[in-house]
Amino acid sequence: MSTAAVAKLLGVSRRTVMRWVSQLNMDLDKNELGHYQFTEADVDRLKEIQEQTNYQSLPQPIQTSHTSRSGTLKSETSVDASKVAALNERVDELERKMQSKADDVVSYQLLQHRREMEELINKISSLEKKVEELEKSQQKREPIKDNVLVFDQSSAPKKPRRKNLISSIFSF
């Protein structure tokens, strides 16, 4: 029987069954997947444990009169050496390809960065030339302002403005 079937039969959870198994150090047979397989004797032993826990109010160590049995895992694994060698060769080949690809990517990125740096250097040098040209043209345009006369004012004196008669009457 499986752990789930035993738990359903006893009316407890699978974790409870597993806890009882570990507390009792029960050696159980396992299937090819590593799951416990319970015999009728194992189920009877667990029923006895359940009855003891139902009648005890305080937690006490569980006592059993049965001797433990040892279980073995039956599994047969056969490994073909030629298949393992072929897989190892394939893994090595994939690692080499991956390393080569990584090297190619890094090389491409370095070339891209170098080209971008060269473009930036060319742009900076052209900007420097333009700044120099502007400075030279600015120096040429500055005229000498020593004896410059400015005629912004008109020669006639301004008359004071007269207030409108109506606005002077109504303003306070």
Side-chain angles (χ1 to χ4, degrees), residues 1-139 141:
M1 295 178 94
S2 69
T3 307
V6 171
K8 187 174 182 180
L9 179 70
L10 296 175
V12 295
S13 69
R14 290 183 300 189
R15 291 194 58 84
T16 302
V17 173
M18 297 306 299
R19 188 177 66 245
W20 289 343
V21 168
S22 66
Q23 285 176 350
L24 295 172
N25 294 327
M26 294 174 69
D27 291 326
L28 300 174
D29 289 329
K30 295 181 181 179
N31 64 8
E32 62 276 355
L33 298 175
H35 297 256
Y36 288 121
Q37 293 295 310
F38 293 89
T39 62
E40 289 298 322
D42 296 329
V43 174
D44 291 338
R45 189 172 175 196
L46 290 173
K47 282 182 184 178
E48 182 181 311
I49 302 286
Q50 185 180 24
E51 289 173 8
Q52 284 182 9
T53 57
N54 287 340
Y55 292 116
Q56 293 175 352
S57 61
L58 297 175
Q60 296 176 0
I62 299 173
Q63 301 292 328
T64 61
S65 60
H66 297 285
T67 59
S68 62
R69 61 187 183 112
S70 61
T72 58
L73 174 62
K74 297 178 183 177
S75 66
E76 296 179 17
T77 57
S78 61
V79 177
D80 189 8
S82 62
K83 288 182 180 179
V84 171
L87 286 174
N88 283 335
E89 288 176 21
R90 180 72 176 145
V91 167
D92 291 339
E93 179 185 344
L94 288 173
E95 286 177 351
R96 281 191 300 274
K97 286 181 179 180
M98 188 171 60
Q99 186 64 36
S100 172
K101 186 67 172 178
D103 290 343
D104 291 344
V105 167
V106 169
S107 297
Y108 178 76
Q109 287 176 342
L110 285 174
L111 290 173
Q112 284 289 103
H113 290 299
R114 183 175 182 177
R115 187 175 60 220
E116 289 172 2
M117 293 294 288
E118 288 174 354
E119 288 174 1
L120 287 174
I121 289 171
N122 291 336
K123 190 76 140 178
I124 290 172
S125 63
S126 69
L127 288 173
E128 287 175 345
K129 288 178 184 177
K130 287 182 181 181
V131 167
E132 287 176 9
E133 289 173 6
L134 288 173
E135 286 176 349
K136 287 179 184 178
S137 67
Q138 183 69 20
Q139 289 175 356
R141 287 186 183 177

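Just so you know, residue 1 is the first one in the sequence shown, and it goes up from there.
Taken from OG in Ser125 to CG in Leu120, the straight-line distance is 11.0 Å, to the nearest 0.5 Å. Atom-to-atom distance recorded for Glu116:CD and His113:NE2 is 6.5 Å, nearest 0.5 angstrom. Here the OG1 atom belonging to Thr39 is positioned 10.0 Å from the CZ atom belonging to Arg45, to the nearest 0.5 angstrom. The line from CD of Glu128 to CD1 of Ile124 is 7.0 Å long, rounded to the nearest 0.5 Å. Distance check: Met18 CE to Thr3 OG1 gives 5.0 Å after rounding to the nearest 0.5 Å. Taking CG from Leu24 and CD1 from Ile49, the interatomic distance works out to 4.0 Å, rounded to the nearest 0.5 Å.
Looking at heavy atoms from C-beta onward, Phe38 lies in side-chain contact with Leu46 at the 4.5 angstrom threshold. In this structure the side chain of Asp42 never reaches within 4.5 angstrom of the side chain of Tyr36, judged on heavy atoms. Counting heavy atoms from C-beta on, the side chains of Glu135 and Val131 come closer than 4.5 Å.
Between Glu132 and Lys136 there is no salt bridge, since no side-chain nitrogen of the basic residue lies less than 4.0 Å from a carboxylate oxygen of the acidic one. Looking at Arg96 and Glu93, no side-chain N of the basic residue comes within less than 4.0 Å of a carboxylate O on the acidic one, giving no salt bridge. A salt bridge does not link Lys123 with Glu119: none of the charged nitrogens is closer than 4.0 Å to a carboxylate oxygen.
Nearest heavy-atom pair across Ser13 and Thr16 is OG-OG1, 2.9 Å. In this structure, Leu134 and Ser137 approach most closely via the heavy-atom pair O-OG, 2.9 Å. Nearest heavy atoms, Leu10 versus Gln50: O-NE2, 2.8 Å.
For the residue pair Ser107 / Asp104, no side-chain donor-acceptor distance below 3.5 Å is found, with atom types taken as modelled.
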Exercise for review: Might you work through the salt bridge (Lys or Arg N to Asp or Glu O under 4.0 Å) test for Lys129 and Glu133, ending with a clear yes or no?
Suggested key: CA-CA 6 Å; Lys129 288 178 184 177; Glu133 289 173 6; over 6 Å; no
